[in-house]
Amino acid sequence: MTFTVKKTAAGAMAIAMSLAVLAGCGGNSGSNNSAANSPAPASNTPANTAAPENTSAGGGEATKLSGDFTIQYFVGGYGDKWWKQVIADFKTANPDLNIKEEAGPQINTQNKPKWIAGDPPDFVYIDGPELNDRQMAEDGLLEDLTEWMQTATNVDGVKILDLLAQQPPQYGGKIYNVPLVLNSWGVFYNKALFEKNGWTEPTDWDSFIKSSEAIKTAGTTPFIHTGKYPYYINSSILFPAIVSANGNDYKLFQDMGNSDVEAFKSPAVLEALNKIVELRDKGFIDKASVSINHTDSQMLFLQNKDAYIPNGLWLPNEMSKDVPADFKFGFIPSVTQKPGDKVVANTSTATVAIAKNGKNKEAAKAFMQFIFSVKQASKFAELSGAPSNIKGDISSSSAPDFVKQAAAYLTADSTVVVPTVTFNQDVDKAMQDATVALTIGKIDPQGWVDRVVKVVEKVKK
Amino acid sequence: MKLGGAKLQRKLFIAAFIIPTFLYFCLFTIYPILQALYNSFFDWSGMSQFKDYVGLQNFKDLLQDPIMLNAIGNDYFLVAGKVIGIMLIATFFAIALTRLRIRGAGFFRSIFFIPNVLSVVVVGVLWGFIYNPQIGFLNAFLSLFTKEPVTINWLGFESHSIWMLLPPTIWAGIGFYMILLIAAITNIPESLYEAADIEGAGQWHQFWHISLPLVWEQMKISIINIMMTTLNGSFVIVTIMTAGGPDNSTQVMGSYLYQQAFKQAHFGYGASIGIAILTTSLVTTLLLQWLLRREQVEVS
């Protein structure tokens, strides 16, 4: 008796032990990435306080700026090289100004008490977690720039509004923030893999479905997405599909952004949702999608386990360490358009704003005039690896190739460029949950609409 | 007079230890709780300078929020699963390592304690890889026994993904409670077991009539502790492994609090969820204390 109990105990321990050991193996064999939870991992490039070059004379400035001037900027996937440099330049142009930088990957959280206490930084870059421009505007934290922007010129005397590729968003008919970074959502694929297998690169929904069928027949899963954070599939598939279904008019999409109940009930929304249903019913969506995060889905994509991935243009930069040598990124902003129809680029912008309770609004405005100059467009692209929102030819700059391509896409006439819509966060979450539920067959498109409409109605109250 | 001086000194001595601790406790426990309670009466985004007083509205909403009700269910599911799983296995290992005289007991003791040294985040990531449908260990292991490769998405079932959170949390919890029980069992006088042996009582009898009654206090503490840490701490494992998904099916109160307060700008509502966690923990502790009461058995 004792003996058997002893033996069982030892056996159980042996199994438990081996499980622990094997678990370690499983972990190692996976990949060498850590579980980053914030979608844009911070690249902590050491502070590059480059010696100020090309110091501008500050043509637009009539008054001499002085006093303290505080800038809050989140450091994420775009790094902080550009910020360091532009701030140094600004300091050179305004030697009497005492510039304080409040920056880092956690700065949004760290600085919250200051905003709550009514003692915010003067100038803020709205990017990263826990900062939402719509919410900040609604909370009355941002300076109303509506009038100022109508006439504001940059340091070179050019009107800022004329320089912007994407116009500022409006909340309640007012301008509070100005887009600085201009990126796009879309669908990536591996060109090399497509060439090797003779699959045709997609140009519209029909060719996308046709190639997916060929891909599936060849034994590869056609489509993977980041189900744990479903805004990837929403932003890259669903939203462009809504714009396409609405005859390339993005007014409907903007109405959705303003929590207009009727907009969500539009047939264009149902038509777009049915595209996702088609993907689901044809078995194109990788079953792994629903539970994985962005890093895992991107790794599977880079390993050619899946042919298509909806993502943002920062993907090649984000995964640069893990991209196999023979991998060639192909990108199309949208696949949901009818043959012959325009491509829809759902942009993803990060904006800058001035705090309503800032102490040095004058300096903040001058800084805005300073950064929105043509010269900064290519500098931004070079130093942060993303297209800036300043119109300007960056083809001769040393920016990465995909950034130049993206910039080309976003300025082409054949593209419908959709200004970034920031949804109410409750509505956004409801759409994300509903889309996941749709991809696993828990609800149908009408169920999606019903669910989201319920939340929108509550938000509108 | 002299006596009074000694008394005063004694009081001063005690106060020197109690007062700093008490102040610390007030500052870092009582004050945040009161703050949370205060915030739970407001509609506040968490960043705005202005808060709207809404009375008990947040709590009313809470009771009608299907995600919250589901989260409470998930929390108690994890409590029940962890209490049963951890207590059964920890007790078994503790008995095995003390009473069954297994060779290399010390080695096994250290091995089983290792998961406790790992941060919950590491545990979550590790098990995320075990469960990974494409490159995970579990599917690879199961595929050894099937013709077709197994592609089960362990964390992707909308209806029972919460079950998948039990193995990692149990695995990570066993070690600590095992050590606690080992300490209790080794305190039991050997003579009791010797007497039982002479009387012909087997291992099972000895466990049931000697070990269990004498370690009951420790078991009770373990159960209550598992319950409290689960209600307060499931947030981490849920956030790492599923982020509350798919479609909020694995949301627990802690993760929903985070979602509401920091991602959806409902700080007041988040605070009311925090108060709900506090209340449920308190009520469940009292309930368990009462349910687990037993006459104290003491070794004289």
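Hydrogens, waters and symmetry mates play no part in the numbers below; they use all other heavy atoms, side chains included. Every chain is numbered from 1 and lettered A, B, ... according to where its sequence line falls, protein lines coming before strand lines.
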Contact summary for A:Q135 and B:S45, nearest pair of heavy atoms:
NE2-CB, 3.3 Å

Non-hydrogen atoms of A:I116 and B:G46 that approach each other most closely
CD1-O, 3.3 Å

Of all heavy-atom pairs linking A:D426 and B:Q264, the shortest is OD1-NE2, 2.8 Å

Can you give me the closest heavy-atom contact between A:V290 and B:G156, atom names plus distance?
CG1-CA, 3.6 Å

Nearest 0.5 Å, what's the CD1-NZ distance between B:I240 and A:K228?
7.0 Å

Determine whether more than 12 heavy atoms belonging to other residues, nucleotides or ligands lie under 6.0 Å from atom NE2 of B:H209.
yes

Contacting region of B:T151 [heavy-atom separation from chain A under 4.5 Å]
neither

What distance separates B:N153 CG from A:I440 CD1, expressed to the nearest 0.5 Å?
9.5 Å

Atom group of B:W44 that falls short of 4.5 Å from chain A, counting heavy atoms
side chain

Region of A:N424 in contact with chain B, defined by heavy-atom distances below 4.5 Å:
neither

If you count heavy atoms of other groups shown closer than 6.0 angstrom to CZ of B:F113, is the number above 12?
yes

Under 4.0 Å between a Lys/Arg side-chain N and an Asp/Glu carboxylate O for A:R451 and B:D247?
yes

Counting only heavy atoms not in A:K442, do more than 12 sit closer than 6.0 Å to its NZ atom?
yes

Nearest heavy-atom approach of B:S48 to A:D139 is CB-CG, 3.4 Å

Minimum heavy-atom separation for B:F262 to A:K112, with atom names?
CD2-NZ, 4.1 Å

A:D286 portion near chain B, given a 4.5 angstrom heavy-atom threshold:
side chain

Taking side chain as everything from C-beta outward and backbone as N, CA, C, O, which of these in A:N108 sits under 4.5 Å from a heavy atom of chain B? Side chain, backbone, both or neither.
neither

Should A:I292 and B:Q134 count as side-chain neighbours, where that means a heavy-atom distance under 4.5 Å?
no

Which one, A:E138, A:K114, A:K305, A:K429, leads in non-hydrogen pairs under 4.5 Å with chain B?
A:K429

Would you say that A:L131 contacts B:M47 through its side chain, given a criterion of any heavy-atom pair below 4.5 Å between the two side chains?
yes

